[in-house]
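Keep in mind it's a predicted model, so treat the numbers as computed, not measured.
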2 protein chains.
Amino acid sequence: MAKPDLPKPTEAELAILRVLWERGPSTVREVTEHLQDERGTGYTTALKLMQIMTEKGLVKRDESERSHVYEAVASAENTQRQIVGDLLDRVFGGSAQQLVMQALSAKRTSKVELAEIKELIAEFEKKAK
Amino acid sequence: MAKPDLPKPTEAELAILRVLWERGPSTVREVTEHLQDERGTGYTTALKLMQIMTEKGLVKRDESERSHVYEAVASAENTQRQIVGDLLDRVFGGSAQQLVMQALSAKRTSKVELAEIKELIAEFEKKAK
DNA sequence: AGTCGTCTACGAAGACTTTCGTAGATTGAG
DNA sequence: CTCAATCTACGAAAGTCTTCGTAGACGACT
């Protein structure tokens with residue numbers, strides 16, 4: 001099945017992963033520019049972080065070009081699930097409904113979104129015995 | 001309304017807050033003993049953390065007894081909401097339904113729980129226009 | 001008074017995270 | 001070839017978080 005058990009990304013690492021998920025494989029420069037707005041990350045800072053992430057196995061890089069191209073190893077979904085699972089234990093004592101409760105409270109959720117979430121749950125109900 | 005805007009608790013701080021929420025106001029010794037199992041936190045470590053948390057305003061303490069009694073300033077609900085709101089932005093780009101999706105995937109959720117969550121959503125639907 | 005156990009206070013070590021300066025390699029233009 | 005721009009690599013500073021050792025205060029008990 002291959003679940004190499006990657007470490008939980010730090011905050012800055014996560015910001016980089018988000019860019020890679022959105023853009024697909026990218027160079028340091030491309031990532032830096034995308035991060036500029038929300039973080040003001042400098043070029044060498046991003047480079048260093050991405051080098052560290054390579055060591056940790058969070059990203060892999062293609063060195064065939066002069067500007068190395070980095071790519072996220074884990075999908076957004078898998079990483080998000082890992083992070084939420086961790087949160088569930090650490091903050092909510094494993095209660096998914098409490099988490100959902102606070103998620104809906106934290107952000108005013110539109111009727112459309114609520115309906116979509118309901119559909120989601122209906123699907124899970126089919127699967128659950 | 002008084003929303004003093006407390007800092008986000010760190011991991012170790014959160015573990016302490018969880019004990020305070022569960023037990024109510026407690027001494028350092030009591031907290032340490034509760035934390036012993038899951039964290040192996042030493043007495044002076046807990047003490048130091050709780051002193052720092054006092055400075056940050058996360059807890060307040062009653063010094064009228066020789067053993068100071070600490071109490072969480074923010075409720076579990078408020079703190080959880082803050083943390084989830086932060087996560088929503090940082091990890092899910094603000095999409096509550098993606099968060100719910102991963103929460104339900106991360107933990108096998110029972111039919112009973114799913115039903116409860118559905119009720120929750122029904123209530124939110126009433127409030128939302 | 002002297003001793004023991006428990007308490008607070010404090011400082012500092014150690015680990016981890018993030019940032020950046022600098023050096024050296026490579027490429028393209030003049 | 002030389003220069004400027006751009007890249008990687010690396011080390012180290014600065015900040016934060018967590019841990020713990022040690023010191024001094026306090027109270028109870030003999």
Q. If you check every side-chain atom of B:His68, which of C:dA9, D:dT19, C:dC20 has the closest atom?
A. C:dA9
(Q) Could you check whether atom CZ of B:Arg108 has more than 12 heavy atoms from other residues, nucleotides or ligands sitting under 6.0 Å from it? (A) no
Q.
Between C1' on C:dT8 and CD1 on B:Ile52, what's the gap in Å once rounded to a whole number?
A. 14 Å
Q.
By the 4.0 Å heavy-atom rule, please label A:Gln51 as base, sugar-phosphate, or nothing.
A. base
Q: Figure out the CG/P separation between B:Leu58 and D:dT18, and round it to whole Å.
A: 12 Å
**Q.** Heavy-atom neighbours of A:Glu63 CD exceed 12 at 6.0 Å
**A.** yes
**Q.** Euclidean distance, atom CD of residue A:Glu11 to atom P of C:dC16 [Å, nearest integer]
**A.** 18 Å
Q: Send over the distance from B:Met53 CE to C:dT8 P, rounded to a whole Å.
A: 15 Å
Q: Can you sort out which residues in residues 20-30 of chain B have a heavy atom within less than 4.0 Å of DNA chain D? Ascending by number, please.
A: none
Q) For B:Tyr43 and C:dA9, what is the distance between atoms OH and P respectively, to the nearest whole Å? A) 10 Å
(Q) Counting only heavy atoms not in A:Met50 (residues, nucleotides, ligands), do more than 12 fall under 6.0 Å from its CE? (A) yes
Q.
Test of understanding: with side chain to side chain donor-acceptor pair (under 3.5 Å), list the residues that count as partners of B:Thr32, not counting sequence neighbours.
A. none
**Q.** Out of C:dT18, C:dC10, C:dT8, whichever nucleotide has its closest atom nearest the side chain of B:Lys48
**A.** C:dC10
Q | A:Thr79 vs A:Trp21 side-chain heavy atoms within contact, under 4.5 Å | A | yes
Q.
Quick check on side-chain contact (heavy atoms from CB on, under 4.5 Å): which of B:Val31, B:Val73, B:Val59 does B:Leu17 satisfy it with?
A. B:Val59
Q) Taking side chain as C-beta onward, heavy atoms only, is B:Phe92 less than 4.5 Å from B:Leu87? A) yes
Q: With the side chain counted from C-beta on, respond yes when A:Glu116 and A:Val112 share a heavy-atom pair under 4.5 Å apart, and no when they do not.
A: yes
Q. Whole Å only: how far is the OH atom of B:Tyr70 from the C1' atom of C:dC7?
A. 10 Å
Q. So, do B:Arg61 and B:Glu71 sit near enough that their side-chain heavy atoms are less than 4.5 Å apart?
A. no
**Q.** Sub-4.0 Å heavy-atom contacts from residues 59-66 of chain A onto DNA chain D, ordered by number
**A.** A:Arg61, A:Arg66
Q. Across the strands shown, which category fits A:Ser67 at heavy-atom distances under 4.0 angstrom: base, sugar-phosphate, nothing?
A. sugar-phosphate
Q | Rounded interatomic separation in angstrom, taking CD from B:Glu13 and C1' from D:dT19 | A | 14 Å
(Q) Rounding to an integer number of Å, can you tell me how far B:Leu47 CG sits from C:dA12 C1'? (A) 16 Å
Q: Scan B:Thr45 against the nucleic acid and name what it touches under 4.0 Å (heavy atoms): base, sugar-phosphate only, or nothing.
A: base
**Q.** Presence of B:Thr10 side-chain N/O under 4.0 Å of D:dT16 phosphate oxygens OP1/OP2
**A.** no
